[in-house]
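What follows is a short report on a single structure.
Keep in mind the model is a prediction, meaning the values are calculated, not measured.
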Amino acid sequence: QVQVVESGGGLVQTGDSLRLSCTVSEGSVNTYAMAWFRQAPGKQREWVGAVKRNSGSPSHASSVKGRFTISKDRGKNSVYLQMNRLEPEDTAVYYCAAGSGNPITSSLPVPSTYDYWGQGTQVTVSS
């Protein structure tokens, strides 16, 4: 069973930056479709962005575009979520997910696209 592990969450203030990291226990992140989702209290899980396997070009949700950036480091076998200009509305548990398939772009925001999920890391943005 592939394990997905996130790290890097914490408590920050409005306007701060934070970078989350994600790695997988088997294989290379480059051979999975990798995504970030988040879930705020009382809300449904929301797609943040993703990068297809064998691709360096990420897609981002409109709600975070321009502030959040997904990147991939093959040498460190990690995917990152760089979050800038954080707002209290960004407070959530952030999840990294990995998919074994090769999804079409329209499937990237769909949770069932991904086979493996991390435990989540809490990000809290204070006002």
Discussion item. Starting from Val125, can I reach Tyr94 by hopping between I/L/V/M/F/W/Y residues whose side chains sit under 4.5 Å apart?
Written reply: yes
Worksheet item: What pairs meet the ring-ring contact (aromatic ring centres under 6.0 Å, His included) rule with one or both residues in residues 101-127, with sequence neighbours excluded?
Response: Phe37-Tyr114, Phe37-Trp117
Worksheet entry | Nearest atoms (heavy-atom pairs only) where Ser63 meets Arg38 | OG-NH2, 4.0 Å
Worksheet, complete the sentence: Applied to residues 97-127, the disulfide bond (SG atoms under 2.5 Å apart) test, sequence neighbours excluded, yields none
Worksheet item: According to the ring-ring contact (aromatic ring centres under 6.0 Å, His included) rule, which pairs have a member within residues 51-93, sequence neighbours left out?
Response: none
Worksheet entry | Qualifying residues under side chain to side chain contact (heavy atoms under 4.5 Å, CB included), relative to Arg67, sequence neighbours excluded | Val64, Arg85, Glu87, Asp90
Response to the item:
Between Pro88 and Thr14 the two heavy atoms that sit nearest each other are CD-OG1, 3.4 Å
Practice prompt. Keeping to residues at least two apart or across chains, list the salt bridge (Lys or Arg N to Asp or Glu O under 4.0 Å) pairs with something in residues 6-18.
Written response: none
Worksheet item: Above 12 or not: heavy atoms from other molecules or residues under 6.0 Å from CD of Gln122?
Response: yes
Worksheet item: Just wondering, are more than 12 heavy atoms of other shown residues or ligands nearer than 6.0 Å to CZ in Arg74?
Response: no
Under 3.5 Å, which donor-acceptor pairs do the side chains of residues 18-28 form with other protein atoms, sequence neighbours left out?
from	atom 1	to	atom 2	distance (Å)
Thr23	OG1	Asn77	O	2.8
Ser25	OG	Gln3	N	2.7
Ser28	OG	Asn30	N	3.0

Worksheet item: What pairs with Ser62 under side chain to side chain contact (heavy atoms under 4.5 Å, CB included), at least two apart in sequence or on another chain?
Response: none
Worksheet item: Under the side-chain hydrogen bond (donor to acceptor under 3.5 Å, both in side chains) test, which residues partner Ser7, sequence neighbours left out?
Response: none
Discussion item. Are Trp47 and Val79 linked, directly or through intermediate hydrophobic residues, by side-chain heavy-atom contacts shorter than 4.5 Å (ILVMFWY only)?
Written reply: no
Worksheet item: With sequence neighbours left out, what residues match Glu89 under salt bridge (charged side-chain N to carboxylate O under 4.0 Å, His left out)?
Response: none
Would you be so kind as to tabulate the donor-acceptor pairs closer than 3.5 Å made by side chains of residues 95-107, with sequence neighbours excluded?
from	atom 1	to	atom 2	distance (Å)
Ser100	OG	Asp115	OD2	3.2
Thr105	OG1	Lys52	NZ	2.9

Fill in: Set of residues satisfying side-chain hydrogen bond (donor to acceptor under 3.5 Å, both in side chains) with respect to Gln119, sequence neighbours excluded
none
Discussion item. Per the disulfide bond (SG atoms under 2.5 Å apart) rule, what does the pair list look like for residues 39-90, sequence neighbours excluded?
Written reply: none
